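Right, one structure below, let's go through it.
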Amino acid sequence: MSDGPPGLRRVDDTCWEIPAGAREDMRVPARVFADAELLEQIAADRSLEQLQNVATLPGIREAALAMPDIHQGYGFLVGGVAATEPPGGVISPGGVGYDINCGVRLLALPLTAEELGARTEPLVHEISRRVPVGTGRAHGGLRLGGGELDRVLAHGPRILLAEHGIGTAEDVAHTESEGCLEGADPAAVSERARARGADQLGTLGSGNHFLEVQRVARIADAATAEAFGLREGQVTVLIHSGSRGLGHQVCTDHVRRMDAALRRHAITLPDRQLACAPLSSPEARAYLAAMAAAANFAWANRATLAHRVRQAVAQVLGRDAAGATRQVYDVAHNVAKLEEHGGRTLCVHRKGATRAFPPGSPDVPAAYRDAGQPVFIPGSMGTSSFVLAGRPGAMERSFGTTCHGAGRRMSRTGAKRQITGAELRRQLTAQGIVVRCPSNAGLAEEAPFAYKDVERVVAVVERAGLAARVAQLVPLGVVKG
Amino acid sequence: MAYRWVDHTAELELHVEAVTDEGVFEDALRALAELVGEGHRRDHVDYDVSLVAADRATLLAGWLDELVFRAEVEGLVPEAVERLELGDDRLAATIRGHRGEPRHLVKGVTYHRLAFDRDGDRVHACVVLDV
């Protein structure tokens, strides 16, 4: 086996390591899951330097980890995992990112793409009519009165079910952490964060957030697919969004607060955006309470988006079809959680990385416990997405974590230099994909070639034993901001 | 113009060069106006901003953060600085802008590679935005 870029030691077929001794300030090694081609792309930007910076965090355990979809971020790279141990180990808001609980929800419709047929375009169009998209203040977000926002922040989508009839009890059960992180405290969410998020519940946002109508093109694991309620040819809807402006502001507030307290905690960092505080500190407790509230808001946001999709299904395909539209699962890929690993309680930061617990885990819904936790890996417009299931290797090697997507490899400007939105729209339409996106520039920024090869990313996590392929989904239509 | 945007994989890096510290803040506002401005202008609105921070670099991040917040929540699109009083750790300003629908979402103003340095007769600053 050939070595990778200088400074990297090959551990095995899918894992490379930068030893802890590579830099004086590293406390643990830095490990990357990749193949040779992905590693070459990864080494082309500053991701590996940023991964080494993460390895300097106080209280970090075992290794700073990077998934194969890793790319350069600001402070904490995208596609990174860090587990820190209380009480002295730290929590870093930058290790979660601005879009707290950005994540993916998959709905399965009770019909095949063949049965959907000519109603594909009306369905995508109706979804685009009902789901507000775009930047900033949203028109059409769910209006919350009185103390409703506080209850959403404290309890997540179960409050929307109880008070607004949004979603189902099965939806809540089929959501990571049942859509509610413990310790969420609405009082920890600032007025500025509330102002940014107040009218954004049920809105998609912009950038790489999207909603896709898909067809199950291939089943790779029939037993697990059956457990997830997926069959070949079936229509699915994938929803990718997060906590919108509310989460962005929570991150901003707490990076500022922790940065100001670094000297008091005697913490020195190679990058200010890694600002952090010991898990036992008031700063950490305040962030955990606010982050959990923002995560609950994000789950409520995706629940509201799913409700709007069901309304569109009812309009185009009938009420029975809407009633039989099941939520397969909902996973976060920007969050920090206290979890048990190797007999220790650790704070696992996942930024652009997905929890992937294996069969038998008590944190996996009862219906899926023998199959493993569902994981969704969105591709990019025009390419496949994948349904995976968590595997034991994730607990052994990556704190129960796998990748989250294809991973960007090109800047937005770079993408726009290569293709116009109008041309990309023509190409996608020629492939039979219905596109609803009000912004040509926004469309071009998310061109498929701006991302890594999602199939290659999935192949690495599969070979590494972190997750296994269950089904491949191909796009029929896309709604974007 | 004395600013330039550098586009990275998932973020935008703003470089500003000015003769004075005040000029950095004025040019940073112009840069953000270019990013969020939506092309058509409606009635002008003047609005005030006041900030306190530990140092000039942190103050610059706070300045952009405030402009992003006002743009997203109040639809205030900045155009120019009308008045700027800059202290070592504080800032008070009146901004001329207009109400509109800002076109570009900025998730956050980061501290990654944040810099505000004097080099001879010029001041250089750098701020990275998550977009």
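In what follows, chains are A, B, ... by sequence order, proteins preceding strands, each numbered from 1. Worth saying up front: this structure is predicted, and the values here are computed from it rather than measured.
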Query - Ring-face cation contact, Tyr74(A) with Lys351(A), 6.0 Å cut, 45° max - result: yes
Report summary line: Given Arg409(A), Gln273(A), Gln72(A), the one with more heavy-atom pairs under 4.5 angstrom with chain B than any other is Gln273(A)
Report task. Side chain from CB out, backbone as N, CA, C, O: work out which of these in Thr252(A) comes under 4.5 Å of a heavy atom of chain B, or both, or neither. Result -> side chain
**Report entry** Backbone of Gly207(A) reached by a side-chain donor or acceptor of Lys480(A) within 3.5 Å
**Finding:** yes
**Report entry** Top contributor to chain B interface from Met410(A), Arg192(A), Gln249(A), Arg46(A) [non-hydrogen pairs under 4.5 Å]
**Finding:** Arg192(A)
Requested in this report: Tell me, for Ala61(B) versus chain A, whether the close heavy atoms (under 4.5 Å) come from the side chain, the backbone, both or neither.
Outcome: both
Query - Flag for Thr56(A)-Asn53(A): side-chain donor and acceptor within less than 3.5 Å - result: no
Query - Donor-acceptor contact below 3.5 Å, side chain Ser92(A) vs main chain Cys276(A) - result: no
